[in-house]
A.B. asks: 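I am attaching a structure below and will ask some questions about it afterwards.
Below, read A as the first sequence line, B as the second, and so on, with proteins coming before strands; counting in each chain starts at 1. What you see is a predicted model; the values in this text were computed from it and never measured.
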Amino acid sequence: MTYREIIFSGILDCFVELDYNTELCSIRFLKGEERLKETRTKIASIELDEYFKGKRKDFSCEMDISRLPAFSRKVLNETRKIKYGTTITYSELADRIGSRAVRAVGGALSNNPFPVLIPCHRVVAKSGIGGYSSGVDIKTRLLEFEKNRSITFNSS
DNA sequence: AGCAGGTTTAGCG
DNA sequence: CGCTAAACCTGCT
């Protein structure tokens, strides 16, 4: 029994698919042009939708990453601490978990099952934006969006 | 074992 | 500044 919800992201101009089991198990961006029907009943879908509408900065929903390798879990848990509208580099993230495996950090991020919820887009290269498994264009838009939105949050 | 990464640094033009 | 090469560590075959 698997359950699927779809929301639309205006800022990314694409649909986003959330797969649930008993818990949320994956998030991905849909590339196709086709119109899809949106459904938002689960907490993660609702919170993610609010995020895309600029009404939410952090997430309360549960994310199960227990089956991932230990190193990946460390990386993702550390990534969750990065605040809205800010960025750190791959090497800094490696430092924070007491490792020098900057490349492996990138590898762990590329396997992030919950993009946006676990803000791997906030990890950038020392010079340049770095990569993003769903496409660097998405990463760029997310960062731009958060940067502009931070100003709004602070001044309101 | 071997290999490929969402990197980084240094070295050279 | 741009390009190349090598070192770094983890996870998959």
A.B. asks: Using a 4.0 Å heavy-atom cut-off across all strands, classify A/Tyr132 as base, sugar-phosphate, or nothing.
C.D. replies: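 Counting heavy atoms under 4.0 Å across all strands, the contact made by A/Tyr132 includes a base.
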A.B. asks: Report the distance from atom CG of A/Leu68 to atom P of C/dG11, rounded to the nearest whole Å.
C.D. replies: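 In whole Å, C/dG11 P lies 10 Å from A/Leu68 CG.
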A.B. asks: Does B/dG6 have its OP1 or OP2 closer than 4.0 Å to a side-chain nitrogen or oxygen of A/Lys139?
C.D. replies: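 So the side-chain polar atoms of A/Lys139 never come under 4.0 Å of the phosphate oxygens OP1 or OP2 of B/dG6.
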A.B. asks: Whole-Å distance between C/dC8 P and A/Asp95 CG?
C.D. replies: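 Between P of C/dC8 and CG of A/Asp95: 16 Å.
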A.B. asks: So do the side chains of A/Tyr20 and A/Glu5 get within less than 4.5 Å of each other, counting heavy atoms only?
C.D. replies: yes
A.B. asks: Do A/Asp49 and A/Lys53 meet the salt-bridge criterion of a basic N to acidic O distance under 4.0 Å?
C.D. replies: yes
A.B. asks: Using heavy atoms to find the nearest nucleotide of DNA chain B for A/Ala104 and A/Glu92 separately, return the residue whose nucleotide is more 5′.
C.D. replies: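 Of the two residues, A/Ala104 wins.
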A.B. asks: In whole Å, I'd like the distance from the CD1 atom of A/Ile129 to the P atom of B/dT8.
C.D. replies: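 A/Ile129 atom CD1 is separated from B/dT8 atom P by 13 Å.
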A.B. asks: Should the pair A/Glu92-A/Arg96 be classified as a salt bridge under the 4.0 Å nitrogen-to-oxygen rule?
C.D. replies: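 Looking at A/Arg96 together with A/Glu92, the answer is yes, because their closest N to O distance falls below 4.0 Å.
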A.B. asks: Under 4.0 Å between any heavy atoms, over every strand shown, what does A/Ser127 touch: base, sugar-phosphate, or nothing? Just pick one.
C.D. replies: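 Nothing, no heavy atom under 4.0 Å.
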A.B. asks: Between B/dT8 atom P and A/Leu93 atom CG, what is the distance in whole Å?
C.D. replies: 11 Å
A.B. asks: Does A/Arg40 come within less than 4.0 Å of A/Glu38, counting only side-chain N to carboxylate O?
C.D. replies: yes
A.B. asks: Under 4.0 Å, heavy atoms only, any strand: does A/Val105 hit a base, just the sugar-phosphate, or nothing?
C.D. replies: nothing
A.B. asks: Please pick, from C/dT10, B/dG6, B/dT7, the nucleotide with the shortest atom-to-atom distance to any side-chain atom of A/Ser133.
C.D. replies: B/dG6
A.B. asks: So what's C/dG2 paired with, Watson-Crick or G-U wobble, going by both distances under 3.5 Å?
C.D. replies: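 The base-pairing partner of C/dG2, which may sit in any strand shown, is B/dC12.
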A.B. asks: With a 4.0 Å cut-off, would you call A/Lys55 and A/Glu50 a salt bridge?
C.D. replies: no
A.B. asks: Measure from CG on A/Asn112 to P on B/dG6 and round the result to the nearest Å.
C.D. replies: 13 Å
A.B. asks: C/dC1 P sits how many Å from A/Lys126 NZ, rounded?
C.D. replies: 16 Å
A.B. asks: In whole Å, what is the span from the CG atom of A/Leu143 to the P atom of B/dG6?
C.D. replies: 17 Å
A.B. asks: Do the side-chain N or O atoms of A/Arg100 get closer than 4.0 angstrom to the phosphate oxygens (OP1, OP2) of C/dC9?
C.D. replies: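 So the side-chain polar atoms of A/Arg100 do come within 4.0 Å of the phosphate oxygens OP1 or OP2 of C/dC9, strictly under.
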A.B. asks: Taking any heavy-atom pair under 4.0 Å as a contact, classify A/Ser110: base, sugar-phosphate, or nothing.
C.D. replies: base
A.B. asks: Separation of A/Tyr90 atom OH from B/dT9 atom P, in whole Å?
C.D. replies: 14 Å
A.B. asks: Below 4.0 angstrom from OP1 or OP2 of C/dG11, is there any side-chain N or O of A/Ser72?
C.D. replies: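 Affirmative; the distance criterion is met.
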A.B. asks: Quick check for you: among C/dT10, C/dG11, C/dC8, whose closest atom lies nearest to any side-chain atom of A/Pro69?
C.D. replies: C/dG11
